[in-house]
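In what follows, every chain begins at residue 1, and chains take the letters A, B, ... in the order their sequences are listed. It should be emphasised that the depicted structure is a prediction, and the values quoted were computed from it without experimental measurement.
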2 protein chains.
Amino acid sequence: MAVAGQGLTSEREVGVNGTKQRIIDASAHLMRHQGYEATGVKAIVTAARAPFGSIYHFFPGGKEQLGAETIRWSGAEYAKLLPAVLGGAPDLVSGVRAFFAGAADHLVATDYADACPIATIALEVSNRSEVLRQACAAVFDDWVALGSSQLIAGGVAEADARRLIIEMIAALEGAFILCRATRRTEALDVVGEAAAASVAAALCSPAAPKRS
Amino acid sequence: MAVAGQGLTSEREVGVNGTKQRIIDASAHLMRHQGYEATGVKAIVTAARAPFGSIYHFFPGGKEQLGAETIRWSGAEYAKLLPAVLGGAPDLVSGVRAFFAGAADHLVATDYADACPIATIALEVSNRSEVLRQACAAVFDDWVALGSSQLIAGGVAEADARRLIIEMIAALEGAFILCRATRRTEALDVVGEAAAASVAAALCSPAAPKRS
DNA sequence: GTCTATATCTCGATAGAC
DNA sequence: GTCTATCGAGATATAGAC
């Protein structure tokens with residue numbers, strides 16, 4: 001079983017949140033499930049139980065600004081999972097294994113809807129909105145930086161940390177695509193084991209491995 | 001340098017194609033760049049230099065049917081790259097390396113627009129259209145089957161082939177997301193080297209004793 | 001600040017002339 | 001089969017009452 005759900009706001013009460021945060025919550029939820037283009041602002045305010053005009057009160061830049069803030073907020077929330085899961089594990093390798101297992105559990109629990117909160121948006125907007133593309137890039141850069149430091153703290157050599165975390169993020173994102181399309185968790189199971197093995201190998205051989 | 005471009009129709013003339021194929025070509029091109037939701041049928045027929053009504057003549061099921069045929073055609077075209085690239089390499093490991101390098105070259109050459117032809121669509125529609133989701137799943141299943149046989153032909157043990165190809169497809173897809181968002185090829189470079197190393201390891205140590 | 005009504009545009013889809 | 005005109009519904013965005 002997963003250490004915790006991998007939803008974004010499930011553990012905390014939302015009743016006390018202000019209108020702006022409720023809009024971002026609803027936007028994050030809808031865009032995680034169906035992407036940016038298919039998510040209309042009307043659907044967002046309805047889900048947020050907010051008046052329509054509030055969108056343009058809190059986000060004068062319209063849907064694009066709301067999208068950018070959604071990306072940054074979702075990215076920051078999702079990043080919190082990494083130290084949370086790794087901190088609850090006895091060692092780095094089992095922590096990595098738990099992260100992928102938790103992702104698979106949460107995916108199944110949400111009927112294959114809750115995968116990466118920003119991947120769909122990233123692919124949709126990379127060549128259509130520079131503002132949104134940069135927001136996604138900033139989130140991925142943050143994940144790489146945070147993940148690297150977590151790996152180093154767990155015993156991985158600094159020289160290996162960056163390529164390892166990029167490998168694992170890419171594996172997670174790619175597996176999410178395969179799992180959602182096939183409605184099977186095989187891909188996450190496979191890449192989770194591979195990630196755990198890669199980390200284990202990096203812990204065994206601290207010297208930077210040479211490749212031809 | 002890539003063995004060949006990783007575009008879908010670039011090497012062949014398109015002038016002789018009929019209207020239906022021109023529509024599919026245009027649809028594949030637009031959806032590869034910006035996804036399914038952001039691609040309107042009007043933009044497709046304009047790019048295909050076809051009359052608007054032709055869409056509903058050739059695709060009575062409307063946009064959804066066109067999307068499904070686009071996914072299947074794009075998936076089959078992209079699959080041809082694998083034997084093409086591997087066949088031009090002296091061995092399996094350098095073939096795998098060449099595939100990822102070619103993907104990175106093509107991505108840069110197209111201003112980070114031409115990545116996976118169906119990944120964006122897969123994430124967008126997985127929870128919105130069962131027809132389109134199944135089309136994506138069929139493509140991924142085909143890629144896994146084709147890739148497995150290619151790996152086995154290259155010397156990988158049957159017991160390792162399936163998990164290896166799933167690892168590599170996931171790594172490729174995830175790296176595409178990171179590269180498009182960051183407009184850097186680092187992720188593809190990293191996972192390409194990792195994929196080559198995984199294949200090399202599988203060739204050196206045939207796991208799971210098999211009676212042949 | 002909150003909320004409603006509406007303007008303007010573009011979407012997918014259809015009808016029907018040719 | 002090809003092509004045009006147009007439909008109704010939905011989109012984003014704005015204006016303005018309260």
Side-chain angles (χ1 to χ4, degrees), chain A residues 14-71 120-121 124-125 127-133 135, chain B residues 14-71 120-121 124-125 127-133 135:
Chain A
V14 290
V16 299
N17 289 345
T19 301
K20 181 173 182 179
Q21 188 57 47
R22 284 209 319 280
I23 291 173
I24 292 181
D25 287 348
S27 173
H29 181 78
L30 288 169
M31 291 185 184
R32 186 178 193 177
H33 286 207
Q34 58 190 21
Y36 178 81
E37 301 288 349
T39 301
V41 292
K42 287 183 182 178
I44 293 171
V45 293
T46 299
R49 300 181 314 281
F52 184 76
S54 294
I55 289 272
Y56 296 91
H57 173 70
F58 292 111
F59 307 94
K63 188 186 182 184
E64 190 173 45
Q65 183 186 348
L66 170 56
E69 295 201 29
T70 299
I71 290 164
T120 312
I121 310 176
E124 285 179 288
V125 304
N127 285 269
R128 288 170 57 82
S129 164
E130 186 64 9
V131 168
L132 296 180
R133 193 219 105 219
Chain B
V14 290
V16 299
N17 290 345
T19 301
K20 181 173 182 178
Q21 188 57 45
R22 282 208 321 279
I23 291 173
I24 291 181
D25 287 348
S27 172
H29 181 77
L30 288 169
M31 290 184 184
R32 185 177 192 177
H33 286 206
Q34 59 190 22
Y36 178 81
E37 301 288 349
T39 301
V41 291
K42 289 181 182 178
I44 294 171
V45 294
T46 299
R49 299 182 313 281
F52 183 76
S54 294
I55 288 273
Y56 296 91
H57 172 70
F58 291 111
F59 308 94
K63 188 186 181 183
E64 191 174 45
Q65 182 186 347
L66 171 55
E69 295 201 30
T70 299
I71 290 164
T120 311
I121 309 176
E124 284 179 288
V125 304
N127 284 270
R128 288 169 56 83
S129 164
E130 187 63 8
V131 169
L132 296 180
R133 193 219 104 217

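Counting only distance, with no hydrogens or angles, the side chain of B:Glu37 and the backbone of B:Glu124 share no donor-acceptor pair below 3.5 Å.
Taking every nucleotide of DNA chain C with any atom under 4.0 Å from a non-hydrogen atom of chain A, the first and last of them, 5' to 3', are C:dG1 to C:dA5.
Sorted pairs that involve residues 54-64 of chain B and meet salt bridge (charged side-chain N to carboxylate O under 4.0 Å, His left out), not counting sequence neighbours, are lacking altogether. The list of ring pair (Phe, Tyr, Trp, His ring centres under 6.0 Å) pairs with a residue in residues 24-49 of chain A, not counting sequence neighbours, reads A:His29-A:His33.
Using a 4.5 Å heavy-atom threshold, the side chains of B:Thr120 and B:Arg32 count as separate. Using a 4.5 Å cut-off on side-chain heavy atoms (C-beta onward), A:Phe58 and A:Leu66 make no contact. Within the 4.5 Å cutoff, no side-chain heavy atoms of A:Phe59 are placed close to those of A:Thr70. Proximity of A:Ile44 to A:Met31: side-chain heavy atoms (C-beta onward) are separated by under 4.5 Å at one or more points. Side-chain contact between B:Ile23 and B:Lys20 is absent, with no heavy-atom pair separated by less than 4.5 Å.
Residues B:Ile55 and B:Val45 share a closest heavy-atom pair of CG1-CG1, 3.0 Å. The two residues B:Ala135 and B:Ala68 come nearest to each other via the heavy atoms CB-O, 4.2 Å.
The stretch residues 36-46 of chain A comes close to DNA chain D through A:Thr39, A:Gly40, A:Val41, A:Lys42, each having a heavy atom under 4.0 Å from the strand.
When rounded to the nearest whole Å, the span between CZ of A:Phe59 and P of D:dA13 equals 13 Å. Rounded to whole Å, atom P of D:dT12 lies 15 Å from atom CD of A:Gln65. Rounded to a whole Å, the CD1 atom of B:Ile55 is 18 Å from the P atom of D:dA5. In this structure, A:Phe52 atom CZ and D:dT14 atom P are separated by 10 Å, rounded to whole Å.
Within the 4.0 angstrom heavy-atom criterion, base atoms lie near A:Gly53. Within the nucleic acid shown, B:Phe58 comes within 4.0 Å of sugar-phosphate atoms alone, with no base atom in reach, counting heavy atoms only.
Between its opening and closing five pairs, the helix from C:dG1-D:dC18 to C:dC18-D:dG1 changes axis direction by 10°, a value rounded to 10 degrees.
In terms of the side-chain hydrogen bond (donor to acceptor under 3.5 Å, both in side chains) criterion, residue partners of A:Gln34 (sequence neighbours excluded) are, by chain and number, A:Thr39, B:Arg128.
Between D:dT14 and A:Tyr56, no contact under 4.0 Å exists linking OP1 or OP2 to a side-chain N or O.
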